[in-house]
Amino acid sequence: MTATKTPAKTLALLPIAGALAGALAVMAGPAAAQSNMEKCYGISKPGENGCAHAKGLHSCAGNSNLTYDGGDWKLVKAGSCATEMGSLKPFDGANTKKKG
């Protein structure tokens, strides 16, 4: 016995296929957008950090309460960290190159 799909079954699967395609597109979007970005340490103001502190002082984006701390990072366009006066690697203390 061969399985045949009736038009009603095929039509019933369309919303599921559409939802799956949409979910995959949403997942691929941020990854593609971040592929030309890099972590830049020592340039974020309190509450503007990208994610967890390098030494575990906090674990979430926006939780930093230190200014230009060398363990906090922000995503910047690849190649622009030096222009932002940051570092591609975490460091101890505050970024003395940044003012304000």
When rounded to the nearest 0.5 angstrom, what is the spacing between NZ in Lys45 and NZ in Lys98?
7.5 Å
Quick one: pull up NE2 in His58 and CG in Leu66 and give me the separation to the nearest 0.5 Å.
7.0 Å
Non-hydrogen atoms of Tyr41 and Lys89 that approach each other most closely
CD1-C, 3.5 Å
Disulfide (SG to SG under 2.5 Å) pairs, two or more places apart, involving residues 50-100
Cys40-Cys81
Side-chain donor-acceptor contact under 3.5 Å, Ser44 with Asp72:
no
Answer with yes or no whether the hydrophobic clustering places Ile43 together with Leu88; edges join I, L, V, M, F, W, Y residues whose side-chain heavy atoms lie under 4.5 Å apart.
no
Under 3.5 Å: donor-acceptor pair, side chain of Asn49, backbone of Gly62
yes
What's the separation between atom CE in Met37 and atom NZ in Lys74, rounded to the nearest 0.5 Å?
10.0 Å
Can you name the nearest heavy-atom pair linking Gly71 to Asp69, along with the distance?
N-OD2, 2.8 Å
Could you grab the distance from atom CE of Met85 to atom CG of Asn95, nearest 0.5 Å is fine?
7.5 Å
Out of curiosity, Tyr68 OH to Lys99 NZ, how far, rounded to the nearest 0.5 Å?
10.5 Å
Under the salt bridge (Lys or Arg N to Asp or Glu O under 4.0 Å) test, which residues partner Lys39, sequence neighbours left out?
none
Got Asp92 and Lys55 here, is their nearest side-chain heavy-atom distance under 4.5 Å?
yes
